[in-house]
Amino acid sequence: MSIREKCYRIICKIPKGRVSTYKEVAESLGIKGYRAIGMILKKNPKPIEIPCHRVVKSNGEVGGYMGGIERKIELLRKEGISIKNNKIVNFERYFFKIK
DNA sequence: ATATTGACATTTA
DNA sequence: ATAAATGCCAATA
């Protein structure tokens with residue numbers, strides 16, 4: 001299987017209302033290039049089935065989103081996560097440690 | 001807080 | 001098939 005498939009699998013493990021970081025995902029995949037994750041998610045084959053909006057940057061910033069950052073923020077808010085100036089409020093509280 | 005450098009799968013030419 | 005460019009980043013010279 002490709003890194004890409006693993007990537008999706010990992011992301012799908014993130015429970016609703018929780019978020020994780022690109023770094024975490026990358027390490028869970030066994031790679032160190034967290035940017036590769038961004039590429040994979042950008043060309044996301046199934047943007048609806050894959051909750052890529054639950055993956056954010058390590059410092060709590062939302063990062064980007066292929067469908068528009070605003071969209072991502074809204075999705076996260078619907079899951080009970082507050083966002084302020086593109087940054088998650090109480091980020092550590094929602095952080096989901098993979099593995 | 002800004003700039004620079006590092007790291008890597010995927011995409012595009 | 002090969003090389004160069006891209007990106008939802010992270011750590012720090």
Side-chain angles (χ1 to χ4, degrees):
Chain A
M1 64 170 52
S2 63
I3 294 290
R4 188 166 52 182
E5 292 175 56
K6 291 182 185 174
C7 181
Y8 302 141
R9 196 193 334 177
I10 298 271
I11 292 175
C12 287
K13 286 178 184 165
I14 303 174
K16 180 177 177 302
R18 307 290 295 282
V19 297
S20 191
T21 67
Y22 294 101
K23 186 179 181 184
E24 276 295 314
V25 175
E27 293 184 346
S28 296
L29 289 173
I31 64 179
K32 301 157 198 161
Y34 11 82
R35 296 200 71 183
I37 305 300
M39 180 59 56
I40 293 170
L41 297 185
K42 190 197 176 214
K43 307 294 183 179
N44 193 330
K46 303 176 181 177
I48 292 118
E49 302 178 28
I50 306 198
C52 35
H53 59 278
R54 291 180 190 151
V55 184
V56 299
K57 305 208 317 186
S58 302
N59 63 335
E61 289 181 24
V62 187
Y65 194 58
M66 48 94 195
I69 184 69
E70 302 298 332
R71 184 101 177 270
K72 183 170 181 177
I73 292 176
E74 200 173 303
L75 287 170
L76 289 173
R77 278 196 169 149
K78 285 180 181 175
E79 300 188 349
I81 300 175
S82 303
I83 295 175
K84 197 79 166 175
N85 295 323
N86 291 4
K87 298 179 185 55
I88 296 177
V89 179
N90 298 323
F91 172 58
E92 297 186 0
R93 185 169 73 191
Y94 301 111
F95 183 79
F96 176 68
K97 176 75 174 162
I98 299 177
K99 279 181 297 188

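Naming: A, B, ... by sequence-line order, numbering from 1 per chain.
Nearest-nucleotide positions on DNA chain C place A/Gly64 closer to the 5' end than the other of A/Lys23 and A/Gly64.
Secondary-structure annotation of DNA chain B gives the stems B:3-6 with C:9-12, B:8-13 with C:2-7, with a stem taken as at least 3 successive Watson-Crick or G-U pairs whose two distances both fall under 3.5 Å.
Scored by the ring pair (Phe, Tyr, Trp, His ring centres under 6.0 Å) test, A/Phe96 finds no partners at all (sequence neighbours excluded). With sequence neighbours excluded, no residue forms a salt bridge (Lys or Arg N to Asp or Glu O under 4.0 Å) with A/Lys84. Residues satisfying the side-chain hydrogen bond (donor to acceptor under 3.5 Å, both in side chains) test with A/Glu79, not counting sequence neighbours, are A/His53, A/Arg54. Annotation: side-chain hydrogen bond (donor to acceptor under 3.5 Å, both in side chains) contacts of A/Lys16 (sequence neighbours excluded): none. Not a single side-chain hydrogen bond (donor to acceptor under 3.5 Å, both in side chains) links A/Asn86 to another residue, sequence neighbours left out. Residues satisfying the side-chain hydrogen bond (donor to acceptor under 3.5 Å, both in side chains) test with A/Glu5, not counting sequence neighbours, are A/Ser2. In this structure, A/Tyr34 has no ring pair (Phe, Tyr, Trp, His ring centres under 6.0 Å) partners at least two apart in sequence or on a different chain.
Heavy-atom contacts from other residues, nucleotides or ligands closer than 6.0 Å to CG of A/Asn85 number 12 or fewer.
Clustering of Ile, Leu, Val, Met, Phe, Trp and Tyr by side-chain heavy atoms under 4.5 Å joins A/Met39 with none of the others.
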Q. With the sugar-phosphate defined as primed atoms, P, OP1 and OP2, and the base as all remaining atoms, what B/S/- string results for nucleotides 8-13 of chain B, 5' to 3', for protein heavy atoms under 4.0 Å?
A. BBSSS-
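Non-hydrogen atoms lying under 4.0 Å from DNA chain C are contributed by nothing in residues 81-91 of chain A.
Within the structure, no pair that satisfies the salt bridge (Lys or Arg N to Asp or Glu O under 4.0 Å) test touches residues 28-37 of chain A, not counting sequence neighbours.
Under 4.0 angstrom from either OP1 or OP2 of C/dC9 there lies no side-chain N or O belonging to A/Ser58.
For the pair A/Ile11 CD1 and C/dC9 C1', the computed distance is 14 Å after rounding to whole Å. Put simply, CD1 on A/Ile69 is 13 Å from C1' on C/dC9, counting in whole angstrom units. Regarding A/Asn59, its CG atom lies at a distance of 12 Å from the C1' atom of B/dA1, rounded to whole Å.
Interatomic distance, A/Phe91 CZ to A/Ser58 OG, rounded to the nearest 0.5 Å: 7.0 Å.
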